[in-house]
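The next block holds one structure in the form of structure tokens; read it before the comments.
In what follows, chains are A, B, ... by sequence order, proteins preceding strands, each numbered from 1. In what follows, every heavy atom counts, from backbone to side chain, and hydrogens, waters and symmetry copies are set aside.
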2 protein chains.
Amino acid sequence: MTLSARANPDLLATLEDRGYRVTRPRREVVNLLGQKQEGFSAEEVCAELPGVGRATVYRSIKLLLEAGVVCKLMLPNGGQKYSLARGEHHHHTVCVMCGTVGEFRDSSVERVLRTIGADIPGKIVGHRMEFYITCQDCLDTS
Amino acid sequence: MTLSARANPDLLATLEDRGYRVTRPRREVVNLLGQKQEGFSAEEVCAELPGVGRATVYRSIKLLLEAGVVCKLMLPNGGQKYSLARGEHHHHTVCVMCGTVGEFRDSSVERVLRTIGADIPGKIVGHRMEFYITCQDCLDTS
DNA sequence: CAGAAACTGATACAGTGTATCATGACACTC
DNA sequence: GAGTGTCATGATACACTGTATCAGTTTCTG
């Protein structure tokens, strides 16, 4: 298994490649997200970027979602969060205590997913997998 | 892999066992859910049970969620749906065209999940896995 | 630099779920 | 079977997340 600690993709370039314009608000959003090591919520981004409208923040995140460089994840309590996708296909771990999001890749997962996929009626177009954990930090401090 | 087609659990008994009262509204909600073969939304249930208040519908679903007999799933478009959990641990398939929810169990999944779990730092407290598909019906009629 | 196209931000709205609280229903005892 | 404490209900208001609208602005291209 590979726990990732890799460089962020160039989010701005991703948008540009997809034909979107490079504007000040998009630059600000993308810069901020690039620094986020953990999951984040849209409102959190709005709060940290008072110079960018709420609608624009949501729109930018949506574009990045569609481009596949940001993932949306569901917390066990029903809440939602976003997380940067650092390149390759991966899955997430979410700490149920502190909310920290991690990601991992594991070839055995993909192999099994392919096997299962072959048995599911219809055509697989995607999948989602999340692990809910209590992270080491939270275990230590409790 | 096992595609499920089993009897619904006795939802009302589940609530009773957990110390909740058996009331007319809860009976109505539970009866309706027991008939739902596919996923459902809370608002849909509200609409089909005009004699039960919206808050009560949400509260009942929440209780069933906590009891583990109802699952909440996330659609690829960000929407949400509920689905009956027919007993054992399982995972879901969601058709991205018609929204129909299926469920499956596969021992190889669980085996791999355990293996991965051993490598993830911290303590695993749960996981979620969903397949997004285009179901056979939708493939046929397109 | 001019014009078309894309983007922004303020606002209003939509969907989903929760808090509040006066009223009503359950279940339990006598 | 009536009385009673507790729990549940439902109307309403609110919170949160996200989207639609639209006049005004910025960006890109020629």
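B:Phe40 has its CZ atom 15 Å from the C1' atom of C:dT16, to the nearest Å. Counting to the nearest Å, the C1' atom of D:dC28 and the CG atom of A:Leu15 are 16 Å from each other. In this structure, B:Leu75 places its CG atom 15 Å from P of C:dG15, rounding to the nearest Å. Going from atom CG of A:Leu65 over to atom C1' of D:dT19 covers 14 Å, rounded to whole Å. A:Met74 places its CE atom 11 Å from the P atom of D:dG18, with the value rounded to the nearest Å. Between the CG atom of B:Leu64 and the C1' atom of C:dG17 there is a distance of 16 Å, given to the nearest Å. We find that CG of A:Leu63 is positioned 13 Å from C1' of D:dT19, with the value rounded to whole Å. Computed from coordinates, the A:Glu28 CD to C:dT8 C1' distance equals 12 Å when rounded to whole Å.
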Polar atom pairs between nucleotides 28-30 of chain C and protein, under 3.5 Å, N or O only, would you list them?
none

Is there any protein nitrogen or oxygen under 3.5 Å from a nitrogen or oxygen in nucleotides 21-27 of chain C, and what are the pairs?
| residue | atom | partner | partner atom | Å |
| --- | --- | --- | --- | --- |
| C:dC26 | O2 | B:Arg21 | NH1 | 3.2 |

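An OP1 or OP2 oxygen of D:dT17 is reached within less than 4.0 angstrom by no side-chain nitrogen or oxygen of A:Lys72. In this model, the phosphate group of C:dG15 is not approached by any side-chain N or O of B:Gln80 to a distance below 4.0 Å at OP1 or OP2. Listed pair B:Tyr58 / C:dG17 meets the phosphate criterion, a side-chain N or O lying under 4.0 Å from OP1 or OP2. Put simply, A:Lys62 has no side-chain N or O that comes within less than 4.0 Å of OP1 or OP2 on D:dG18. At D:dG18, one or more side-chain N or O atoms of A:Tyr82 fall inside 4.0 Å of OP1 or OP2 (strictly under the cut-off).
You'll find a donor-acceptor pair under 3.5 Å spanning the side chain of A:Arg54 and the base of D:dG18, going by distance alone.
Look at A:Arg114 and A:Glu110 and you find no salt bridge, because none of the NZ, NE, NH1 or NH2 atoms lies under 4.0 Å from a carboxylate O.
Residues B:Arg26 and B:Ser60 come closest through the heavy atom pair CG-OG, 3.9 Å. When every heavy atom of B:Leu49 is checked against every heavy atom of B:Val29, the shortest pair comes out as CD1-CA, 3.7 Å. Of all heavy-atom pairs spanning A:Tyr132 and A:Met74, the tightest one is OH-O, 2.8 Å. Among all heavy-atom pairs drawn from A:Ala42 and A:Val57, the shortest one is O-CG1, 3.9 Å. Closest approach of B:Lys36 to B:Glu48, counting heavy atoms only: NZ-OE2, 2.9 Å.
You'll find the side chain of B:Asp137 stays beyond 4.5 Å of the side chain of B:Cys98, heavy atoms only. In this structure, the side chains of B:Glu43 and B:Tyr58 come closer than 4.5 Å at one or more pairs of heavy atoms.
Counting any heavy atom pair closer than 4.0 Å across all strands shown, B:Lys81 reaches no nucleic acid atom. At the heavy-atom level, A:Gly19 lies nowhere under 4.0 Å from the strands shown. At the heavy-atom level, A:Ala42 lies under 4.0 Å from the strands shown only through sugar-phosphate atoms.
In the displayed structure, A:Lys72 atom NZ is contacted under 6.0 Å by more than 12 heavy atoms of other residues, nucleotides or ligands.
In terms of position along DNA chain D, the nucleotide closest to A:Glu43 lies nearer the 5' end than the nucleotide closest to the other residue of the pair A:Ala55 and A:Glu43.
In this structure, A:Leu33 is a member of the same hydrophobic cluster as A:Val52, with clusters built from ILVMFWY side-chain heavy atoms closer than 4.5 Å.
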